[in-house]
Amino acid sequence: MSERIHRPRRAVLFVPASNEKAIAKLSSLACDAVIFDLEDAVAPEAKAAARERLKTWFAARPKGGPECVIRVNPLASEWGRDDLAAACECAPDAVLLPKVDTPRDIHDVDDALDEAAAPDDLKLWIMIETPKAMLNIGALAEFGRDRAARLDCFVAGTNDLVKDTGVLATPDRRYIMPWLLQMVLAARAGGLDILDGVSNDFRDLDAFARECAEGAAMGFGGKTLIHPAQIGPALSAFSPSADAIAEAEAVRSAFALPENAGKGVISIDGRMVERLHLAQAERLLARVR
Ligand code: COA
Ligand code: MG
């Protein structure tokens, strides 16, 4: 697993770049990151105005706010190139590329960003939302190991996966679960961050909290959101619990005892605890800090 330290991405809110009212609301919201969408949430005739709205917003971007990401249209679409040019002008923290199928798509956008003289620290996030991306998931994740590549984060695109596969969408997500776990596995193999897909039903916050807890248990680092009401539940589900913090502290304290110095394995309350658990505990405590 990667030791790369990411900023927290527990609650990551999509905002249609065409929605002036929603964008104005951002300064009052406590999400970790915002994804300004130029793709599916913006109608074709609204795309040009949405790009201009983003340029205006980023020109006056408040300091110290959430991480900011722009989702562009696929490069091969009629809007892709203009979106990417606008994104470079905005200089967000990352560009999110949708409908990625193969490693070629990542090479193409990396090349386009280099050509546009995008800063080296501009990251690339990609949606995992097509059947082909699922079949190529290991090769896509390999970009995370390539220091020259910009890839930093996978985002599960569950609505598109449902649409393109014909799988039945159920409240418990039983049929897409294998793919979600496969995404987590691949992301971790590549040292990448990974965010769970959106929940469309933004009024049922109990169901949403359950889905967040399940995503956290599956190893996702956070959840993509569509509505401000989803921020609170996502922040709490993807933050370490008080029990987990107490347990990590107990592991650290036990290994710090003089009698355990140099030991590879010890026992705490009848459980075997190895140095790998210490590393896990240190990582959790670092996240809390
Ligand atoms: N980001 C910021 N603010 C948002 C928001 C979002 N994603 N969604 C809603 N709001 C704001 C509304 O503007 C409204 O603001 P107000 O209090 O100033 O009036 C408030 O939150 C309450 O919104 P509500 O009336 O409950 O919802 P709505 O009917 O206005 O919007 C959606 C519902 C689904 C259309 C809207 O939430 C949305 O567009 N979400 C994002 C969709 C998206 O980006 N999809 C692409 C990725 S899947
Ligand atoms: Mg999609």
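When a ligand or atom number is given, it counts from 1 through the structure's own listing order. All residue numbers refer to positions in the sequence shown, counting from 1. When reading the values below, keep in mind they use all heavy atoms of this one structure, side chains included, and skip hydrogens, waters and symmetry mates. Since the structure is predicted, the reported quantities are computational estimates derived from the model, not experimental observations.
Looking from atom 9 (C) of ligand 1 to the surrounding protein, the closest heavy atom is Pro228 CD, 3.6 Å. Among all protein heavy atoms, the one lying closest to atom 23 (O) of ligand 1 is His227 NE2, 3.4 Å. Nearest protein neighbour of atom 44 (O) of ligand 1, counting heavy atoms only, is Phe14 CB, 3.4 Å. Atom 25 (O) of ligand 1 has Arg203 NH2, 4.4 Å as its closest protein atom, hydrogens excluded (heavy atom only). Protein heavy atom closest to atom 11 (C) of ligand 1, with residue, atom name and distance, is Lys25 CD, 3.4 Å.
The shortest separation from a heavy atom of Asn19 to ligand 1 is not under 4.0 Å, leaving the residue out of contact. Ligand 1 does not have Glu20 within reach: every non-hydrogen atom of the residue lies 4.0 Å or more from it. The shortest separation from a heavy atom of Glu39 to ligand 1 is not under 4.0 Å, leaving the residue out of contact. Ligand 1 lies less than 4.0 angstrom from a heavy atom belonging to Ile226.
Rounding to the nearest 10°, we obtain 90° for the angle at the Mg ion (ligand 2) between Glu129 OE1 and Asp160 OD2.
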Check against side chain to side chain contact (heavy atoms under 4.5 Å, CB included), Leu84 and Leu113: CA-CA 8 Å; Leu84 207 63; Leu113 286 168; 4.0 Å; yes
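Using a 3.5 Å distance cut-off with no hydrogens or angles, the side chains of Asp101 and Thr130 do pair a donor with an acceptor. Side chain to side chain, Thr170 and Asp172 meet the donor-acceptor criterion of an N or O pair below 3.5 Å.
Residue Arg71 approaches ligand 1 through these ligand atoms, each under 4.0 Å from one of its heavy atoms: 46 (C), 47 (C). Close approach of ligand 1 to Phe202 is summarised as follows: ligand atoms under 4.0 Å from at least one heavy atom of the residue are 33 (C), 34 (C). Listed by number with element, the atoms of ligand 1 under 4.0 Å from a non-hydrogen atom of Ala41 are 43 (C), 44 (O), 45 (N), 46 (C).
The pair Asp93-Arg61 meets the salt-bridge criterion, since a charged nitrogen lies less than 4.0 angstrom from a carboxylate oxygen. A salt bridge links Asp40 with Lys99: at least one charged nitrogen is closer than 4.0 Å to a carboxylate oxygen.
Distance screen at 4.0 Å: atom 19 (O) of ligand 1 has a protein heavy-atom neighbour inside the cut-off.
A donor-acceptor pair under 3.5 Å is absent between the side-chain atoms of Gln230 and the main chain of Lys223, judged by distance alone.
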